[in-house]
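Shown next, in structure tokens, is the structure this report addresses.
Since we're looking at a predicted model, the values are computed, not measured. Just follow the structure's listing: the first ligand is 1, and inside any ligand the first atom is 1.
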Amino acid sequence: MAIQKGEVAILTLGDRTIELPIIVGTEGERAIDIARLRKETGLITLDPGFVNTGSCVSAITFVNGEQGILRYRGIPIEELVEKSSFVETAYLLINGRLPRQKELNRFRVLLNDSSLVHEDMHAFFQHFPRDSHPMGILSSMVTALRSFYPDLEGLSQSEEVNITLTRLLSKVRTMAAMSYKISRGHKIVYPREDLSYCANFLNMMFDSPVRPYHIDDDLVDALNAFWIIHADHEQNCSSAAVRLVGSGRVNLYAAISAGTAALWGPLHGGANQAVIEMLEDIQATGGDCEPFIKRAKDRNDPFRLMGFGHRVYKTYDPRAKIMKKIVDRVLPKVQSDPLLDVAMRLEEAATRDPYFLDHNLYPNIDFYAGIVLRAMGIPTNMFTVMFAIGRLPGWIAQWKEGAADPNWKLHRPRQIYVGRPLARYVPIEDRDEAYSAEACSYNAY
Ligand code: ACO
């Protein structure tokens, strides 16, 4: 692994100085290595939200938020969208290099062979309440997969991991389409051997005995691009969850289920659904974006413009640029979408507004994702599931990289305790107002 060392940072603590190594990645990113800090000084670092903290070294994905760069295994995302398929990109992320033709064929065959879901699992899907959120169902069902596909005896660890990850990539897609069909009370459509990964998904979602689904190559291409640009994004919230939970040495299914749960939140993967809901609100209140922009700028109002801003990108999200092009390709395929007009007006108004410019808030991937998914006919409550299917290769690659590290440590952050100092147990009859006020006066927030 190419990590340059040599330079050091000097930390002065009273009359003591200690040297902390600086490590440099292959793209020139620099980090102060504090692995020995507590041992040598008794101090820890405090960094809420890990805004300045690297949790690992990784060779999977490179992001430069200032310049708007995203590369998987060194290859720019724009090139992958133009030349690759989602299945090939998944192979690249998970194995570290592009597959040769024979390897890609084999991977496709394995995905096809793994695409059925155990019939006994259908009963689980049938018994979730009809209005359950698909992300909750998906997260539970990924954990349940482990019970249906337990340890594979007699195989090496890497063989077992390869089979498990292929199962996940293939079955999660089948399960997502299954849960949609069941939620509508319709018959499940099984995967077909003659269809590609993306075409199969669209067919499982929309084919019906009374209205056979016509597979549109442009929509298949759009879905390929959609999933490629979602496939990884280094140590984002859900991938960090996969690594953290995985570091406890749980099985891969449980780690992926944790990633799915993390992705559900509206500040992360749930934003694509939140964007559409916000656009619908704007439209329902007459279509004027200004009141929403005003609310987003008001510090006393928790409202934010969904689909704007990013922890890492302080310029236009490169994925949003690609997504905008996909919008142009898919929209002629469908009836005009009034929400698109609202989205375009909102984008124009927000990207001219000094507040958004000063705060480096640009449209992110989720701003356009919802429009693309609507054009494909995907229901709003399944948007985050679409993100999850796309992010699977990244989660798997991050987990695999962690597991291959001989020093994969249990992730266990520390804290600074600011609570009540040593206190005595107060008998219940003595717990008066003064007791409550004193005890609560130490609460952090
Ligand atoms: N609308 C209005 N103001 C915003 C927005 C927004 N969407 N995002 C950030 N800000 C403002 C904050 O109010 C804050 O202002 P202040 O410094 O004047 O107090 C400043 O920008 C910094 O905000 P933070 O929350 O500290 O930035 P952070 O990096 O933690 O947040 C996040 C990133 C969570 C994505 C944020 O921009 C946000 O909530 N966006 C809306 C939700 C969204 O679109 N999420 C999808 C992200 S992409 C993805 O996960 C695939």
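- Considering L111, V385, N200, L168 as possible partners of R173, the one that fulfils the side-chain contact (heavy atoms from CB on, under 4.5 Å) test is N200.
- Residue contacts with ligand 1: R319 is placed with no nitrogen or oxygen under 3.5 Å of a nitrogen or oxygen of the ligand (distance criterion only).
- Given atom 3 (N) of ligand 1, the protein heavy atom at minimum distance is Y355 OH, 3.1 Å.
- Using the six-membered ring where Trp is involved, Y213 and F206 have ring planes that are tilted, between 30° and 60° apart.
- Distances from atom 5 (C) of ligand 1 to the heavy atoms of L305, L361, V275 show the closest one on L361.
- In this structure, atom 19 (O) of ligand 1 lies nearest to the protein heavy atom R299 NH2, 3.2 Å.
- Remark: atom 26 (O) of ligand 1 lies closer than 4.0 Å to no protein heavy atom.
- Here is the list of ligand 1 atoms found below 4.0 Å of a heavy atom in D366: 46 (C), 48 (S), 49 (C), 51 (C).
- Within the 6.0 Å centre-distance limit, the rings of H310 and H233 are counted as a close aromatic pair.
- With D232 as reference, Q398 is the one residue of Q398, R391, R73 to meet the side chain to side chain donor-acceptor pair (under 3.5 Å) rule.
- Using a 4.0 Å cut-off between a side-chain N of Lys or Arg and a carboxylate O of Asp or Glu, R30 and E7 qualify as a salt bridge.
- Checking R167 against S170 by side-chain atom types alone, no donor-acceptor pair falls below 3.5 Å.
- Heavy-atom proximity to atom 2 (C) of ligand 1, evaluated over G270, A369, A296, is greatest for A296.
- The ligand atoms of ligand 1 that sit less than 4.0 angstrom from a heavy atom of A271 are 43 (C), 44 (O), 45 (N), 46 (C).
- Protein heavy atom at the shortest distance from atom 50 (O) of ligand 1 is H268 ND1, 3.1 Å.
- Here R71 pairs with E27 in a salt bridge; the nearest charged N to carboxylate O distance falls below 4.0 Å.
- In this structure a side-chain-to-backbone donor-acceptor pair under 3.5 Å is missing from Y197 to N224.
- A salt bridge between K297 and D353 is present, with a side-chain N of the basic residue lying under 4.0 Å from a carboxylate O of the acidic one.
- Among all non-hydrogen protein atoms, the one lying nearest atom 45 (N) of ligand 1 is L267 O, 3.2 Å.
- Between W264 and F387, the ring centre distance reaches or exceeds 6.0 Å.
- Close approach to H359 involves these atoms of ligand 1, each under 4.0 Å from a residue heavy atom: 15 (O), 16 (P), 17 (O), 18 (O), 20 (C), 21 (O).
- Using a 4.0 Å cutoff on heavy atoms, F387 counts as a contact of ligand 1.
- Protein heavy atom nearest atom 35 (C) of ligand 1, with residue, atom name and distance: G309 O, 3.8 Å.
- Outside the 6.0 Å centre-distance limit, the rings of Y313 and Y362 are not counted as a close aromatic pair.
- For atom 41 (C) of ligand 1, the nearest protein heavy atom (residue, atom name, distance) is F308 O, 3.4 Å.
- Near G307, meaning under 4.0 Å from one of its heavy atoms, ligand 1 places the atoms 43 (C), 44 (O).
- Residue contacts with ligand 1 leave out H230, since none of its heavy atoms falls under 4.0 Å from the ligand.
- Nearest-residue assignment for atom 34 (C) of ligand 1 (options R311, H310, R304; heavy-atom criterion): R304.
- Looking only at protein heavy atoms, the nearest one to atom 42 (C) of ligand 1 is M306 SD, 3.8 Å.
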